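Working notes, structure below.
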Amino acid sequence: MEYIHIPYIEGDGSGDDIWNASKGVFEEAVRKAYKGEKSIKWIHLLAGQKALNKEGKLLPDETLETVKKHRVAIKGPLTTPVGGGFRSVNVYLRQVFDLYVSMRPVRYFHGLPSPLKMPEKVDFIIFRENTEDLYKGIEWEAGTEEALSFIGFLKDKMGVAISEDSGVGVKPISKGRTARFTRWVIDYAIKNKRKAITVVHKGNIMKYTEGAFMKWAYDVAKGYPEHIIFDKSDTEDETKILFNDRIADNMFMQVILRPEDYDLLLCPNLNGDYLSDACAALIGGLGVAPGANIGDDVAIFEPTHGSAPKYAGKDVINPVSFMLSGAMMFRHMGLFDASSLIENAIEETVQDKIVTYDLARHLEGVIPVRCSVFGEEVVKRIEKNMPN
C-alpha cells in the first residue's frame with residue numbers, strides 16, 4: 001500500500017460541511033483509480049478562526065511548516081476576524097509561500113444552470129498574477145496624515161493635483177513578476193497542449209501598469225518561437241499556441257458572446273479576480289468554480305467562494321467547488337485517473353438532477369439535496385466507474 005500524505009484545512013463557516021461531503025469522494029477516487037494500491041493519509045491543520053480560537057494565532061507555525069514540507073495542501077474557505085492581524089488570511093498564505101499563480105478553470109458541466117444558450121462552449125482557464133497590483137494593499141485612508149503626505153508629494157514633486165479629501169492607493173506591476181508569471185502560464189500551455197493564451201488588460205488607460213503588463217507578456221512570448229504564433233492566419237504550424245490580447249472590458253463581452261474562442265486568459269490580479277467571478281455565473285455560480293494558488297515550491301487548492309458563516313452546520317452549501325479543487329490537486333500531483341473519476345462522477349450526478357439548493361432554485365422541478373447527500377451520490381458514481 002502506498003500512502004499519499006495530504007495536509008488539509010477544513011476551513012471556517014461552511015468549511016466543515018463541504019469537507020465532510022468531499023473527503024469520502026477524494027478517498028474513493030484514489031482507491032478506485034489505483035485498485036486499492038494507494039490510499040490518502042490526511043494531515044489536519046488549523047488556520048483562520050479555528051486556529052485563533054484554539055491557539056491564539058490565525059496561522060500557526062505548524063501549519064506553515066507542514067504545508068511547506070509537503071508542498072501541497074487543500075483548504076476550505078477561511079474567515080479573517082476583525083482585528084485578527086491580517087487583512088486576509090488567504091492573501092497572507094499566497095504571500096508567505098509566494099503563490100504567484102492563481103488558476104481558476106471555468107468549465108461547464110452538462111445539467112448545470114446557465115444564462116447562456118450554448119454554455120457547453122465555456123471551457124477555459126483564468127490565470128491571475130497573485131502578488132502585485134492593488135492587492136499589495138498599499139493605500140491610505142482619506143484625511144490621514146499618510147494620505148495627505150502622499151497627496152502633497154504628488155503635487156509638489158510630480159505636478160499632479162489630487163483632492164485632499166481623497167483616499168489613495170498604489171498599483172504596482174513589475175517587469176520581473178509579470179515575466180515570471182507569463183513564463184509559468186506559457187510552460188503550462190505547452191505541457192498541456194493548449195491552443196491559445198489571451199492577455200487581458202486595460203492598457204489603453206493604465207499604460208504604464210496594465211499596458212506594461214501586456215508588453216512584458218508579449219516580450220516573454222517572443223522567446224518561444226518554436227511554440228507560439230501571434231497571427232491566427234499563420235498556418236505554418238497548427239500545433240502552435242496563439243498568443244493575443246484583449247482590453248478587459250471587451251473581454252467581459254467576449255466570454256459571453258464567443259467563449260469558444262478563448263482557452264487560457266492571462267490577467268493582472270484585479271482583472272483576473274473580477275473576471276473569474278463573472279465567468280463562474282456562466283457555469284452555475286461560485287459553488288461549482290474551483291481554484292488553486294501555485295508557486296514554485298507550494299500549491300494550495302481551494303474553493304473560490306467565501307466561508308458563508310450563516311450556513312455553517314446546516315449541510316446545505318454546494319461542495320462541488322471544493323471537490324473540483326481536489327480534482328485539480330490530484331492532477332497537479334500526477335494522480336490523473338483519480339482526478340478524472342471525480343470530474344466525471346460530479347457531471348453524472350448533476351445530469352441526474354441531484355444538486356444542492358443553489359443550483360436547484362435555477363432548475364425547474366428539481367428538489368435540492370443536502371451537501372452530505374450530494375457527496376454520497378458522487379461516491380456512488382465513482383464506485384461504478386473506471387478511469388478511461
Side-chain angles (χ1 to χ4, degrees), residues 3-27 30 39-100 102 130-131 135 137 286-287 290-295 297-330 332-333 371-372 375:
Y3 289 104
I4 304 163
H5 294 81
I6 303 177
Y8 76 95
I9 301 165
E10 65 263 80
D12 296 318
S14 61
D16 282 340
D17 288 341
I18 61 175
W19 164 251
N20 291 331
S22 303
K23 178 174 179 284
V25 170
F26 300 150
E27 293 172 347
V30 169
S39 179
I40 300 174
K41 278 201 170 180
W42 299 107
I43 303 169
H44 181 236
L45 300 175
L46 290 173
Q49 185 68 60
K50 289 180 181 176
L52 188 64
N53 293 345
K54 187 172 182 180
E55 300 193 17
K57 296 179 70 174
L58 284 169
L59 273 172
D61 293 340
E62 180 185 359
T63 295
L64 298 176
E65 290 166 4
T66 304
V67 172
K68 183 178 181 180
K69 175 184 175 182
H70 291 276
R71 299 172 61 90
V72 70
I74 186 164
K75 59 176 281 295
L78 295 176
T79 298
T80 304
V82 175
F86 299 124
R87 181 173 295 219
S88 164
V89 181
N90 295 311
V91 171
Y92 182 76
L93 277 170
R94 296 167 199 166
Q95 292 173 343
V96 74
F97 290 121
D98 196 19
L99 306 179
Y100 60 90
S102 169
N130 232 356
T131 68
Y135 287 71
L286 288 177
N293 295 291
I294 304 169
D297 300 313
V298 169
I300 298 177
F301 298 82
E302 61 184 339
T304 58
H305 58 74
S307 58
K310 72 177 181 178
Y311 296 111
K314 295 184 178 179
D315 198 19
V316 296
I317 291 295
N318 190 343
V320 170
S321 176
F322 195 78
M323 292 178 184
L324 290 177
S325 297
M328 289 177 68
M329 177 182 68
F330 285 155
H332 177 81
M333 298 171 70
C371 174
S372 55

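All values reported here derive from a predicted model rather than from experimental measurement. Every heavy atom of this structure was used, including side-chain atoms; hydrogens, water molecules and symmetry mates were not.
- At least one side-chain heavy atom of M329 sits under 4.5 Å from a side-chain heavy atom of I6.
- Between the CD atom of E62 and the CG atom of L46 there is a distance of 8.0 Å, given to the nearest 0.5 Å.
- Screening I18, V89, N90, I317 against P77 for a side chain to side chain contact (heavy atoms under 4.5 Å, CB included) leaves a single residue, I18.
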Next on the checklist: Before you tell me yes or no, could you show the steps for Y135 and N130 under side chain to side chain contact (heavy atoms under 4.5 Å, CB included), namely the whole-Å CA-CA distance, both residues' side-chain angles and the distance that decides it to 0.1 Å?
Outcome noted: CA-CA 8 Å; Y135 287 71; N130 232 356; over 6 Å; no

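- Between S372 and N20 the shortest side-chain heavy-atom distance does not fall below 4.5 Å.
- With values rounded to the nearest 0.5 angstrom, L52 atom CG is found 13.5 Å from K50 atom NZ.
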Next on the checklist: Evaluate Q95 against T131 for side chain to side chain contact (heavy atoms under 4.5 Å, CB included), listing each step before the verdict.
Outcome noted: CA-CA 7 Å; Q95 292 173 343; T131 68; over 6 Å; no

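- Rounding to the nearest 0.5 Å gives a distance of 8.5 Å between OG1 of T63 and NE2 of H44.
- Note on ring orientation: taking the six-membered ring where Trp is involved, the planes of W19 and Y8 are parallel (angle under 30°, cut-offs 30° and 60°).
- Listed here is the closest heavy atom pair of G291 and S325: N-OG, 3.3 Å.
- Taking CD of Q49 as the start and CG of L58 as the end, the distance is 7.5 Å to the nearest 0.5 Å.
- Scored by the salt bridge (Lys or Arg N to Asp or Glu O under 4.0 Å) test, E302 finds K75, R94 as partners (sequence neighbours excluded).
- Looking only at distances, no side-chain donor or acceptor of D98 sits under 3.5 Å from a matching main-chain atom of G295.
- The ring-ring contact (aromatic ring centres under 6.0 Å, His included) search around H70 returns none, not counting sequence neighbours.
- Side-chain atoms of N293 never come within 3.5 Å of backbone atoms of L99 as a donor-acceptor pair (strictly under, hydrogens ignored).
- Here CG of D61 is found 11.5 Å from NZ of K68. Values are rounded to the nearest 0.5 Å.
- Side chains of L64 and F97 form a contact here, defined as non-hydrogen atoms less than 4.5 Å apart.
- For the pair D17/Y311, no side-chain contact is recorded, criterion being any heavy-atom separation below 4.5 Å from C-beta on.
- With a 4.5 Å cut-off on side-chain heavy atoms, F330 and I4 do not count as touching.
- Considering only heavy atoms from C-beta on, V25 stays 4.5 Å or farther from F322 through its side chain.
- Contact check for L78 versus L93: side-chain heavy atoms found under the 4.5 Å cut-off.
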